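The block underneath contains the structure these notes are about, expressed in structure tokens.
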Protein chains: 2
Amino acid sequence: MSNGAVHACDGAGVSEITVASSLDEAAAGLGTEMVRFTRLIAAWKQRVKHDAGAADRVLLARLVCGGDQRATDLAADAFLDLSTVSRQVRSLVERGLVARRPDPEDRRGSLLTATEAGRARFEDYRRQRDAELAGILESWSPQDRADLIRLMSRLNADLAERQHARPGPGGDQGTTVEQGEIRR
Amino acid sequence: MSNGAVHACDGAGVSEITVASSLDEAAAGLGTEMVRFTRLIAAWKQRVKHDAGAADRVLLARLVCGGDQRATDLAADAFLDLSTVSRQVRSLVERGLVARRPDPEDRRGSLLTATEAGRARFEDYRRQRDAELAGILESWSPQDRADLIRLMSRLNADLAERQHARPGPGGDQGTTVEQGEIRR
DNA sequence: TACATTGCTTGTATCCAGCAAGCATAGCGG
DNA sequence: CCGCTATGCTTGCTGGATACAAGCAATGTA
């Protein structure tokens, strides 16, 4: 490590990035940060270990925010296998956070709804998370805050596009949900 | 919470963020993006499923970049339990990617080194990852690229600080590694 | 009615992770 | 030198999240 460029090393300590002039350098630098980030998030999740497992929070969130949905749609949205979603949903139902109700148009499956308890639980999760983040962001300039969110949003969109493009094991069970379309 | 703000919903589809004026709004927006991001990364990891499991890549990276280390230091660095690291290291050794050599100063443990094969493997991982990222970033302006990396780096630093501040289950086995000090 | 499709569940396996217990070495006070 | 404690690592066990495959139930279609 000598000049202003990044190069190989992931997850190393400080990762001093300056401008990353070339595309390759930018990719390497972003890779480094992504690796660090995911490891940090994993540690964080574990530290704040909610009463419930970590995974179903995602599904709960999607139900609270996206409205009633079928398990299949949840799975496609979240890039999870339907079987995984099925188990998580069962757990959520057992804990009273989600309710099934028959789909009037298709008796094979059910529509899933977040119960009042589920919504409350989700709000708890969200509040706690946002409080932590606010504690971090409070020392940031509004400009940096806005930029980070904007850029991560764009990165997410690009990643999702690639994910959908190459179906892969989890993210697609035949329907190949295009772009942001949500079906139904 | 009413105006042009983000609000509750995680992981929902498009997550249109504009400026996120207040701190709370910024935190919520960042939370949204972080959740989406982690899920996308998980899906990605699975899609490109390397020959080896996903976890040891992190350790390999740290060995290649950080030089020879003891398992204990690896664990502290990566916020992992020592037992987890121990197993992963064993796997790496069995596959010839990492070598143990006796620590001249302490015969209880060993120093771990990435072998030539390990370094090559790591380079493969990194190349593949960076190629994917480059494919995404190529349509970005140099300014946005640099900003994203800078801001993520800062976010990581802040997250790591908090992680160290509150030890939590994983990142600490009795020694309470303080701040950024690395021991050794 | 027969067959293909779709929605979901369940059996099984894998990977990752932590906790607790144990072993070997180290280091220290007598 | 002898214990006692601390440290480094390993191993047994457990739990969670996930995927894949197989199967059942309801739909739709010819």
Side-chain angles (χ1 to χ4, degrees), chain A residues 38-39 41-47 49-59 69-76 78-94 100 102-112 167-177 183-184, chain B residues 38-39 41-47 49-59 69-76 78-94 100 102-112 167-177 183-184:
Chain A
T38 48
R39 185 59 220 149
I41 294 303
W44 182 20
K45 271 187 193 165
Q46 216 214 316
R47 175 162 60 79
K49 193 176 276 176
H50 300 279
D51 42 3
D56 41 38
R57 287 206 297 280
V58 177
L59 298 186
Q69 294 175 64
R70 295 171 310 152
T72 303
D73 297 329
L74 279 179
F79 298 102
L80 288 169
D81 191 278
L82 176 57
S83 64
T84 300
V85 171
S86 176
R87 283 176 234 272
Q88 284 176 338
V89 165
R90 181 175 52 185
S91 160
L92 287 167
V93 169
E94 281 166 358
R100 297 182 210 266
D103 185 336
E105 301 172 10
D106 191 337
R107 258 178 309 174
R108 283 170 297 184
S110 349
L111 287 177
L112 303 169
D172 149 57
Q173 29 285 125
T175 342
T176 314
V177 181
R183 260 162 84 253
R184 162 183 217 132
Chain B
T38 49
R39 184 58 222 150
I41 295 302
W44 182 19
K45 271 187 193 164
Q46 216 217 317
R47 174 162 60 80
K49 192 175 280 177
H50 299 280
D51 42 5
D56 40 39
R57 287 205 298 278
V58 177
L59 298 187
Q69 294 175 64
R70 295 173 310 152
T72 303
D73 298 329
L74 279 179
F79 299 101
L80 286 171
D81 190 278
L82 176 58
S83 64
T84 300
V85 172
S86 176
R87 282 176 236 272
Q88 284 175 337
V89 166
R90 181 176 53 187
S91 159
L92 288 166
V93 169
E94 281 167 358
R100 297 181 210 266
D103 184 335
E105 301 172 10
D106 190 337
R107 257 179 309 174
R108 284 171 297 185
S110 348
L111 287 177
L112 304 169
D172 149 56
Q173 30 285 129
T175 343
T176 314
V177 181
R183 268 158 81 251
R184 160 172 206 205

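Values below: every heavy atom of this structure, side chains too, minus hydrogens, waters and symmetry copies. Only a predicted model underlies this, so the values are computations on that prediction, with no experimental measurement involved.
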All N/O contacts under 3.5 Å from nucleotides 26-30 of chain D to the protein, with atom names and distances to one decimal?
from: dT27(D); atom 1: OP1; to: Arg107(A); atom 2: N; distance (Å): 3.1
from: dT27(D); atom 1: OP1; to: Arg107(A); atom 2: NE; distance (Å): 3.1
from: dT27(D); atom 1: OP2; to: Arg107(A); atom 2: NH2; distance (Å): 3.3

Whole-Å distance separating the CD atom of Gln88(A) from the P atom of dA19(D): 9 Å

Salt bridge (charged side-chain N to carboxylate O under 4.0 Å, His left out) partners of Asp106(B), counting only residues at least two apart: Arg108(B)

Point-to-point distance, once rounded to the nearest 0.5 Å, from CZ of Arg100(A) to CG of Leu111(A): 11.5 Å

Whole angstrom value for the distance that separates C1' of dA19(D) from NZ of Lys45(B): 16 Å

Residue list, side-chain contact (heavy atoms from CB on, under 4.5 Å) with Ser86(B), at least two apart or on another chain: none

Spacing between Arg70(B) atom CZ and dT10(D) atom C1', to the nearest angstrom: 16 Å

Contact nearer the 5' end of DNA chain C, comparing Arg39(A) with Val89(A): Val89(A)

Partners meeting side-chain contact (heavy atoms from CB on, under 4.5 Å) with Ser83(B) (sequence neighbours left out): Asp81(B), Arg87(B)

Arg57(A) CZ - dT18(D) P separation (whole Å): 11 Å

Any Arg100(A) side-chain N or O less than 4.0 Å from OP1/OP2 of dT9(C): yes

Distance, rounded to the nearest Å, where Leu74(A) contributes CG and dC8(C) contributes P: 9 Å

Closest-nucleotide ordering on DNA chain C, the 5'-leading residue of Ala71(A) and Ala42(A): Ala71(A)

Nucleotide dC20(D), atom C1' - distance to CZ of Phe79(A) in whole Å: 19 Å

Measure all distances between protein nitrogen or oxygen atoms and nitrogen or oxygen atoms of nucleotides 10-12 of chain C, and list the pairs falling under 3.5 Å.
from: dT10(C); atom 1: OP2; to: Arg90(A); atom 2: NH1; distance (Å): 2.9
from: dG11(C); atom 1: O6; to: Arg87(A); atom 2: NH2; distance (Å): 2.1
from: dT12(C); atom 1: O4; to: Arg87(A); atom 2: NH2; distance (Å): 3.4

Inter-residue atom distance Leu74(B).CG - Gln88(B).CD, 0.5 Å rounding: 9.5 Å

Length of the CG-C1' vector between Asp103(B) and dA26(C), whole Å: 12 Å

Separation of dT6(C) C1' from Asp73(A) CG (nearest whole Å): 12 Å

Rounded distance (nearest 0.5 Å) linking atom CG of Leu80(B) with atom CG of Leu59(B): 6.5 Å

